[in-house]
Structures are given as structure tokens and as C-alpha cells.
Amino acid sequence: MTLLGYVLIPVGLVALFSKKWLLRFLIISAPFSGSVMVNVGSGDAASGVQVWMFAGALWLLRQSADSALMFGWSIRRSVLAPYLSLAAFLFVAALSMVMPVYISGRLQIASPELMDFTTAPLFFSVRNLTALLYLIFGGLVATSIAQVAQDRAVQREIDRLWLGVAAFMALWGLIQFTCTVAHLPFPVTLFNNNHSASVASAHPELDVLRLPRLNSVAVEPSILSQCLLVMLPMTLPAVLGIGKIFSLHRDRLIAWLIVLALVLTFSSVAYIGLAALALVAAFALHQTGLIRMWPLIKRTLLGVLLFLAIAVPTYLASGSVRLIVASTLISKAGGYSGLERLKTITNAANYFLEYPLLGVGWGSVTSHDLMFKLLANVGLLGAVTFGLIWWTVIRRNLGGRLQRSREERLRNMYWGVSACILIGASGISEFPYVFGYFWVVLGMCIAVGACGEKGSSQLAAERMRRIR
């Protein structure tokens, strides 16, 4: 049991009596991927029960109890399509469990490590079952969040909690960086208390300049980058002066903190994600009708020119900046991590070609990307149903200028952008299905997309009544 476990177990049990506080506990804990309640095992076999899983288990328990008392759990038609898509993906993942049993050692699975050339025959194992349980648990958490977040007041509350957690994560990371550079003590084990071997090395240094990389409350810098990238879109209304979560000044300050923390992760995911975010945000703003095309073009060009005016002279004048760019972007593909990623993707592609329909079974293959991880583990059926989930929620949030209120369109915009960035970052980094922020984003995208459709139908009905 960790210190967090001793503190949060009584907190969670008390929160169990208040649905509002239990939801707050779940939302706040979701991005803390490096924080665990209890560590199990040691060395390479070590793992931990993440805080968000404890909060999610309590939340599902409370939701189930409420549903039992109300004799059922009604599902609105507006969320039926994404629910069915998610259920289809989970069903395919469960169905793929027959593949390791069917293969029964006839396929050799290569080690995902670059310099390890060993292979092992594929059999059904506890790892397959554990990976499936992660998916099912996350899917239940996402749908339960979507169920309660169709209320506007709940959406506003979650927005504020989510952006507040983002500010804390960025600030905690900056404190970590300052303490490390100044050789001051930093309570790293307060939130990063996972003894897993994959987390134990979560404080690497940039090889060229020996600068510390931020991981804040996440398991590693790339996961911190991915998490902050999907939170940053919530500051877009304030940055553009068209809305706010807290206030214009506070939201803009949080945006600067997040961007600074992303830069100091020295992660290629962060840098590529920031560039992609600008393009996706411009598309989303146009699709939702929040900014007209010509002002949007002018603001986009102005932002690009301002960035180039700062970035190009800095790159040319500073050798340190050139080294950082070279080590994180230019030479990344040819470095150790890039070659290891290429190895896992190539192996996964080969497994998929051999078993294209259901793959070789969920949890059987490690691949440091999203697409080939899905294809290798759950085949075409799993990849298509997974894509259908996100196509449904993104289309509902960014699919066009429906007759929605301004508040709805703003919320559709920034949660829709978060979904796009999450999928894009997962495509070049990792599929973070074991972390809570992935499922929170999915649940909120389902909820706000459904409210948008519901709101548009209500407005349309009111207009028809006026015409009559």
C-alpha cells in the first residue's frame, strides 16, 4: 500500500455517499497515470493499481446501485450509436480471445525490445485476460460518464475540473524541472509511486544537453505530452477571445503553462501535436461556425507568421535549440526508440497479414502505435469497430453547423479537437487504453455530441411550432 492509498481509500469511501464528489474524484484522478494505490510484485513483474481505477470502481459501484434502486438504466437514443459502436469493439476484442487458443504455439512472437532477438510461442495467458479487462473497465467508465454528462451543469463542472487538473499537472511539471536543474529535493514519489519497471525509468534526460524531461504526474514524458495535448483545446475559446472556462486571463495563463510544460518534455509527440493542434482547431472552428472563414484565415496566417518570426531566429541563433530539435525530431526516427518502434510495427504488420480477421488475440502483441496494434491484436474487425467509435463521436461534434447554442458549439469544438488529437497522438505514440484520461475524453465526446444533436432537434421543433 502506498501513501496515496492510505490517504485516498478513506476519501473514496466517504465520497461513495455523494455522487457529485465521487464524479469529481474520478475526473481529477484520471490524468494521474503515474499514481497508484498499491504496488503488486517487484522488478519486471511489478504493477500497480492506479488511482483512477480505484475511483472508477467506486463510481461504477455507485452507478450500479443507483440503477438497481431505480429499477433500470435508461439509455437515450442520442447516445445509442456510439454505445453500440463501443459495445461492438469490446465484443470483437473478447471474441479475439479464441485466437491464442486456436494458434496454440504455432506462431512465434518476437520480443518488442530492439536488441532482444528472442521469440516465444503464442499461447493464451493471463496477460490476454488482463488486457481485455482493462478495455471493458474503461468502456464502462466512459459510458457511465457519458450517461451523467448529458446534463449541461455536469458538463460545465467537468470542464472546470479538467482544465484545473491540466493547470496543476503543468505547474507540477515546471516545479519538477526547476528543482532538478537547481539540484533541489523534489517529492517525485508523491505522485509517481508506481514500482513497475516501465515507470522506474520515467525520468530520463535528453542525451545531447543532459536536460531533465518532465513527466509530472504521468508515467513518462510522452504520456504527459499526450495528456496535456488533449487538455489544451479547452483554452482555445479564451485564447481566441470567444469564450472561457474560468476567465479569459486565467484560461490564457493556463494555456501558456501547458505549452511551456509541453516544450520542456522534449518529446516529439508534444512538438508534432502542437503543430497538428493548430490545424485541427482551425478546421473545428470553421466546422462549428464559431469563426467565419476570412477572420479564421487571417488569424491562422498571423499565428503561423508569429511562430516563424520567433522560431526561425531562435533556431539559427542558438546551438542548444538546434541540438534539441535534432535529438527530438530529426534524428528521432533513427535513434533507439525510433528503431524499436519500427521493429514492433513491422512485427505487428506481419502478424496481421497472417491472421487478418481477428488478429492473434487482444493483449498478445506489443506495438508502439495505434493502427498496427489494433490490426495485430484484433484484426480488421476490431480496427473497423474501433474506428467507428471515434468516427461517430467526432462527426457528431465537428460534423457541421447544426442549430446549436453558442455554449454547445464551443464545447463541441474543444472536446472534438481533443478527440482528434488523442487519436493522432496515439497513432504515433501509444494506445493509452490503460489510462483514465483516454476514457474520460471518449465519455465526454459522446455526451457533448449527443447534447448537440438533442439541442438542435429541440431548436428545430421550436422553430416548427413558431411557423405553425
Side-chain angles (χ1 to χ4, degrees), residues 1-41 46-70 73 130 133-151 153-169 171-172 187-196 199 215-219 223-224 227 231 432-444 447:
M1 184 76 69
T2 65
L3 177 61
L4 276 179
Y6 286 114
V7 173
L8 293 180
I9 284 179
V11 170
L13 294 177
V14 171
L16 191 59
F17 295 95
S18 171
K19 192 172 182 179
K20 179 183 293 186
W21 280 101
L22 198 54
L23 179 61
R24 290 170 177 169
F25 183 24
L26 174 59
I27 298 300
I28 291 173
S29 65
F32 285 66
S33 57
S35 304
V36 299
M37 303 288 292
V38 60
N39 282 295
V40 181
S47 62
V49 178
Q50 298 176 57
V51 173
W52 84 270
M53 293 180 178
F54 172 68
L58 292 178
W59 170 252
L60 292 177
L61 177 63
R62 175 60 191 260
Q63 286 286 88
S64 300
D66 288 349
S67 299
L69 290 174
M70 293 185 294
W73 190 36
T130 302
L133 291 177
Y134 272 123
L135 274 185
I136 295 174
F137 179 76
L140 290 174
V141 169
T143 52
S144 64
I145 290 175
Q147 196 72 7
V148 299
Q150 293 173 59
D151 181 84
V154 175
Q155 290 176 4
R156 296 187 193 103
E157 169 114 9
I158 292 177
D159 287 351
R160 293 170 69 89
L161 288 171
W162 201 239
L163 190 56
V165 173
F168 174 81
M169 291 174 63
L171 187 59
W172 189 254
V188 65
T189 56
L190 181 60
F191 296 116
N192 294 86
N193 53 7
N194 195 329
H195 291 171
S196 173
V199 182
N215 65 299
S216 186
V217 299
V219 295
I223 296 299
L224 175 65
C227 191
M231 293 170 152
Y433 68 96
V434 298
F435 301 133
Y437 66 89
F438 179 88
W439 301 107
V440 169
V441 172
L442 176 57
M444 286 302 296

Any donor-acceptor N/O pair, W439 side chain to Y433 backbone, under 3.5 Å: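 Side chain of W439 to backbone of Y433, a donor-acceptor pair under 3.5 Å: yes, one is there.
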Quick check: does any side chain N or O of S18 sit under 3.5 Å from a backbone N or O of A15, one acting as donor and the other as acceptor? no
Measure the shortest side-chain to side-chain distance between [X] and [Y] over non-hydrogen atoms and say whether it is less than 4.5 angstrom.
X: L161; Y: L23; answer: no
X: W162; Y: M231; answer: yes
X: F54; Y: V38; answer: no
X: I145; Y: V440; answer: yes

Between [atom1] on residue [X] and [atom2] on residue [Y], distance to nearest 0.5 Å:
X: L26; Y: S144; atom1: CG; atom2: OG; answer: 7.0 Å
X: L22; Y: F17; atom1: CG; atom2: CZ; answer: 11.0 Å
X: N194; Y: S33; atom1: CG; atom2: OG; answer: 9.0 Å
X: L58; Y: L16; atom1: CG; atom2: CG; answer: 5.5 Å
X: I223; Y: N215; atom1: CD1; atom2: CG; answer: 11.0 Å
X: L8; Y: M37; atom1: CG; atom2: CE; answer: 5.0 Å

State, to 0.1 Å, how close [X] and [Y] come at their nearest heavy-atom pair, and which atoms those are.
X: S35; Y: L4; answer: CB-CD1, 3.7 Å
X: W52; Y: A30; answer: CB-CA, 3.8 Å
X: P10; Y: G5; answer: CD-O, 4.4 Å
X: S216; Y: N192; answer: O-OD1, 2.6 Å
X: S29; Y: A55; answer: OG-CB, 3.6 Å
X: A149; Y: I158; answer: CB-CD1, 4.2 Å

Carefully, step by step, assess T2 and V36 under the rule side-chain contact (heavy atoms from CB on, under 4.5 Å). CA-CA 7 Å; T2 65; V36 299; 4.0 Å; yes
Heavy-atom neighbours of Y134 OH exceed 12 at 6.0 Å: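 No, the 6.0 Å shell around OH holds no more than 12 heavy atoms from other groups.
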Is there a side-chain contact (heavy atoms from CB on, under 4.5 Å) between M169 and L224? Walk through the geometry before answering. CA-CA 9 Å; M169 291 174 63; L224 175 65; 3.7 Å; yes
R156: side chain to side chain donor-acceptor pair (under 3.5 Å) partners, not counting sequence neighbours: E407
In sequence, state the C-alpha distance, the side-chain angles, and the governing distance for F168 and I28, and then conclude on side-chain contact (heavy atoms from CB on, under 4.5 Å). CA-CA 10 Å; F168 174 81; I28 291 173; over 6 Å; no
CA sep, side-chain torsions, deciding dist, call: W59, V148, side-chain contact (heavy atoms from CB on, under 4.5 Å): CA-CA 11 Å; W59 170 252; V148 299; 3.8 Å; yes
Decide, yes or no, whether a salt bridge links R24 with E157 under the criterion of side-chain N to carboxylate O below 4.0 Å.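 The answer is yes: the pair qualifies as a salt bridge.
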W172/F191 aromatic ring centres below 6.0 Å: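 Between W172 and F191, the centre distance is under 6.0 Å.
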